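Worksheet: one structure, shown below.
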Amino acid sequence: MRYWLFKSEPDVFGIDHLAAMPGGVDSWDGIRNYQARNFMRDDMRTGDRGFFYHSRCDPPGIVGSVEIVREAYPDHTALDPKSAYHDPKATADDPRWMMVDVAFRERFDEIVPLAALKAEKRLADMVVVQKGSRLSITPVTANEWKIVHAMAGVPAP
DNA sequence: GCCAACGTTGGC
DNA sequence: GCCAACGTTGGC
């Protein structure tokens, strides 16, 4: 059982978009970074939990959580020339990019802002607070999972 | 296989 | 919108 953090721009796809999907489930498509893909392909398992993080907004921060409900499978948007995520090097035989399905689980009453994460000494090693951290999917420790929930004022599931 | 040039991310 | 940090590309 592992924990993760998923970044998304709320103007493009925020936690409310996910919550509005049928069953609160959607595919996490469009990942075009090998390290992030490898986390999904190699390490994510059904039942893993993840924070939903809003980036490129004011303020950025953690707004809720999801659960992995389907393990990695090919990201078909890479094959679609009309998609913003099209990758001309992807083929049906070698799709290059993978996605998982996530289900909406929690929406915090208030965002836990990045500034608060940075100010919490116990989160000093959390990947998302590191300088220059751009990775859109990062691992989270069980302890970080608990601390952020405490900051959000809810018990960790 | 090095590394300069280029493209992208994302906080500010 | 700026720009630092980082990842990828491709010539050599």
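Residue numbers begin at 1 in each chain, while the letters A, B, ... track the order of the sequences. The structure displayed is predicted, hence computed values, not measured ones.
A straight line from CD1 of A/Ile62 to C1' of B/dG11 spans 15 Å, rounded to a whole angstrom. Protein atom CZ of A/Arg32 is 15 Å distant from nucleotide atom C1' of C/dG7, rounded to whole Å. Whole-Å rounding puts the A/Glu9 CD to B/dT8 P distance at 13 Å. For A/Asp87 and C/dT8, the CG to C1' distance is 12 Å, given to the nearest whole Å. The nearest whole Å value for the distance from the CH2 atom in A/Trp97 to the P atom in C/dG7 is 13 Å.
Remark: A/Lys131, A/Gly132, A/Arg134 in residues 124-139 of chain A come within less than 4.0 Å of DNA chain C through at least one heavy atom.
Partners of A/Met98 according to the side chain to side chain contact (heavy atoms under 4.5 Å, CB included) rule, which considers only residues two or more places apart in sequence or in another chain, are A/Arg37, A/Arg41, A/Ala72.
Note: A/His54 and A/Phe52 have perpendicular aromatic rings, judged against thresholds of 30 and 60 degrees for the angle between ring planes.
Shown here for A/Asp48 and A/Arg2, the closest heavy-atom pair between the two residues is OD1-N, 3.0 Å.
Contact annotation: A/Lys118 reaches the phosphate of B/dC12 (side-chain N/O to OP1 or OP2, under 4.0 Å).
Proximity note for A/Tyr34 (side chain, C-beta onward) versus C/dT9, B/dG11, C/dT8: the nearest is C/dT8.
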Anything under 3.5 Å between a protein N or O and an N or O of nucleotides 2-6 of chain B, put it in a table, one pair a line.
none

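In this structure the side chain of A/Met44 reaches within 4.5 angstrom of the side chain of A/Val100, judged on heavy atoms.
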